[in-house]
Amino acid sequence: MNIVLLGPPGAGKGTQARRLQATMGIPHIATGDLFRSLAAEDNGLGREVRAYMNKGEYVPDDVTIRVGLDRLRAPDTENGCLLDGFPRTVAQATALTSALGRLGQRVDLALYITAPEELLVRRLSGRIVCHHCNAIYNNATRPPQQDMSCDACGHELERREDERAEVVRTRLRTHEERTSPVAEYYRERGTLVEIHGARTIEVVEQEVDGAVGLRGVR
Ligand code: AMP
């Protein structure tokens with residue numbers, strides 16, 4: 001029961017992954033979160049990862065595959081996991097297929113959440129996050145109750161360094177060039193379900209649940 005969430009930044013992958021984690025009881029693994037923890041460290045790897053992230057570029061495949069597959073080896077993934085933002089290149093997808101294959105597993109479902117670029121830019125530029133509990137707010141669509149403090153844990157909210165407008169455009173371009181082929185990779189294997197993420201959250205949730213249920217994943 002391994003589910004991959006694909007889609008451009010701002011499409012809603014994280015929101016759906018966190019919700020599915022609660023309903024399905026399998027862990028949500030986001031390479032973006034793993035990289036943000038590494039980037040906070042003052043060492044060679046931390047500085048390398050931070051430089052790529054701050055420019056909106058992908059971290060190189062060798063590092064990403066090592067970090068992603070290491071996390072998959074933890075015991076909590078025994079019954080599967082929700083992979084959010086990994087794989088993002090065909091090389092990563094191939095490495096994931098091999099690693100799961102060695103365990104007699106596979107990617108059961110790849111959910112590809114899409115949305116028009118202007119909406120993604122609008123969503124990402126209004127986004128503020130809590131680095132303490134990972135809650136996400138949006139100045140335009142989901143403001144916190146108190147200005148810049150997290151409703152859930154009270155910590156101060158911040159804008160992500162890589163969500164300035166010009167970096168957002170680079171992230172979207174990188175996604176188009178390098179991650180669209182990953183959607184094709186899963187389409188060819190009959191695993192891909194495409195979901196239009198520009199609609200209301202309730203409609204998107206229903207479609208995601210339908211796709212998960214249809215695969216008998218629950
Ligand atoms: P995210 O939070 O998923 O938008 O990821 C934030 C940043 O982390 C991305 O813009 C990349 O720099 C890096 N990153 C996350 N996942 C990957 C991946 N699978 N491959 C390469 N870079 C990644």
Side-chain angles (χ1 to χ4, degrees), residues 2-18 20-21 27-41 45-72 81-100 107 110-115 117 119-138 157-183 185-186 197:
N2 296 298
I3 301 179
V4 162
L5 288 123
L6 290 170
K13 300 185 297 293
T15 304
Q16 295 305 322
R18 273 185 288 278
L20 289 174
Q21 164 173 255
H28 166 209
I29 298 176
T31 37
D33 290 343
L34 298 175
F35 283 145
R36 270 182 287 282
S37 301
L38 287 175
E41 290 176 18
L45 180 61
R47 279 189 290 275
E48 185 189 350
V49 166
R50 194 159 58 234
Y52 286 108
M53 291 180 85
N54 286 350
K55 283 188 283 186
E57 292 172 9
Y58 283 177
V59 176
D61 279 339
D62 58 338
V63 178
T64 304
I65 289 168
R66 185 155 39 83
V67 167
L69 297 188
D70 261 5
R71 175 62 186 87
L72 273 175
C81 60
L82 296 150
L83 287 169
D84 166 8
F86 177 78
R88 265 175 157 117
T89 65
V90 172
Q92 294 174 21
T94 311
L96 177 64
T97 301
S98 308
L100 290 175
V107 170
L111 285 172
Y112 187 28
I113 310 181
T114 59
E117 176 161 334
L119 177 66
L120 298 171
V121 173
R122 213 166 43 235
R123 279 187 185 164
L124 290 170
S125 350
R127 192 146 93 168
I128 38 178
V129 295
C130 175
H131 289 303
H132 185 71
C133 73
N134 290 327
I136 298 177
Y137 301 85
N138 192 297
L157 299 174
E158 291 172 52
R159 187 173 296 281
R160 269 171 50 172
E161 185 60 28
D162 62 353
E163 291 185 343
R164 287 173 291 122
E166 69 279 13
V167 182
V168 163
R169 298 271 179 200
T170 305
R171 288 169 67 201
L172 292 174
R173 220 173 24 252
T174 310
H175 174 272
E176 182 57 34
E177 287 168 12
R178 308 212 35 215
T179 307
S180 302
V182 178
Y185 176 93
Y186 288 117

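Note that the structure is predicted; figures quoted are calculated from it, not measured. Heads up: numbering here begins at 1 and tracks the sequence. Remember, it's 1-based here, ligands and their atoms both numbered in the order they're listed.
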What protein heavy atom is closest to [atom], reported as residue, atom name and distance in Å?
{"atom": "atom 12 (O) of ligand 1", "value": "Glu57 O, 2.7 Å"}
{"atom": "atom 4 (O) of ligand 1", "value": "Arg171 NH2, 2.9 Å"}
{"atom": "atom 5 (O) of ligand 1", "value": "Gly32 CA, 3.5 Å"}
{"atom": "atom 7 (C) of ligand 1", "value": "Met53 CE, 3.6 Å"}
{"atom": "atom 20 (N) of ligand 1", "value": "Gln92 NE2, 3.0 Å"}
{"atom": "atom 22 (N) of ligand 1", "value": "Val59 N, 3.1 Å"}
{"atom": "atom 3 (O) of ligand 1", "value": "Arg88 NH2, 3.0 Å"}

Worksheet item: Asp162 to ligand 1: N or O pair under 3.5 Å?
Response: no

Item to complete: For ligand 1, note which part of Lys55 has a heavy atom under 4.0 Å away: side chain, backbone, both or neither.
Response: neither

Worksheet item: For ligand 1, does Tyr58 get within less than 4.0 Å through its side chain, its backbone, both, or neither, judged by non-hydrogen atoms?
Response: both

Worksheet item: Touching ligand 1 at all, Arg36? Heavy atoms, strictly under 4.0 Å?
Response: yes

Worksheet item: Can Lys13 be said to touch ligand 1, with heavy atoms closer than 4.0 Å?
Response: no

Could you give the distance from [atom1] ([X]) to [atom2] ([Y]), rounded to the nearest 0.5 Å?
{"X": "Asp162", "Y": "Asn54", "atom1": "CG", "atom2": "CG", "answer": "7.0 Å"}
{"X": "Asp84", "Y": "Gln16", "atom1": "CG", "atom2": "CD", "answer": "10.5 Å"}
{"X": "Asp33", "Y": "Leu38", "atom1": "CG", "atom2": "CG", "answer": "11.0 Å"}
{"X": "Asp61", "Y": "Arg66", "atom1": "CG", "atom2": "CZ", "answer": "12.0 Å"}
{"X": "Leu96", "Y": "Ile65", "atom1": "CG", "atom2": "CD1", "answer": "9.5 Å"}
{"X": "Thr114", "Y": "Leu120", "atom1": "OG1", "atom2": "CG", "answer": "9.0 Å"}

Discussion item. I need the atoms of ligand 1 closer than 4.0 Å to a non-hydrogen atom of Thr64, numbered in the order shown.
Written reply: 18 (C), 19 (N), 20 (N), 21 (C)

Worksheet entry | Per-atom contacts of ligand 1 with Arg160, taking only distances under 4.0 Å to non-hydrogen atoms | 1 (P), 2 (O), 4 (O), 6 (C)

Worksheet item: Can a protein heavy atom be found under 4.0 Å away from atom 9 (C) of ligand 1?
Response: no

Worksheet, complete the sentence: From the list Val4, Asn2, Ile29, Ile3, side-chain contact (heavy atoms from CB on, under 4.5 Å) with Leu82 holds only for Ile3

Discussion item. Counting only heavy atoms, tell me which of Tyr52, Phe86, Phe35 gets closest to atom 13 (C) of ligand 1.
Written reply: Phe35

Practice prompt. Give every residue pair that meets the side-chain hydrogen bond (donor to acceptor under 3.5 Å, both in side chains) criterion with at least one member in residues 121-130, sequence neighbours excluded.
Written response: Arg127-Glu163

Worksheet item: How close do Lys55 and Val167 get, heavy atom to heavy atom, and via which atoms?
Response: C-CG1, 3.8 Å

Worksheet item: Any sub-3.5 Å donor-acceptor pair from Lys13's side-chain atoms to Gly7's backbone N or O?
Response: yes

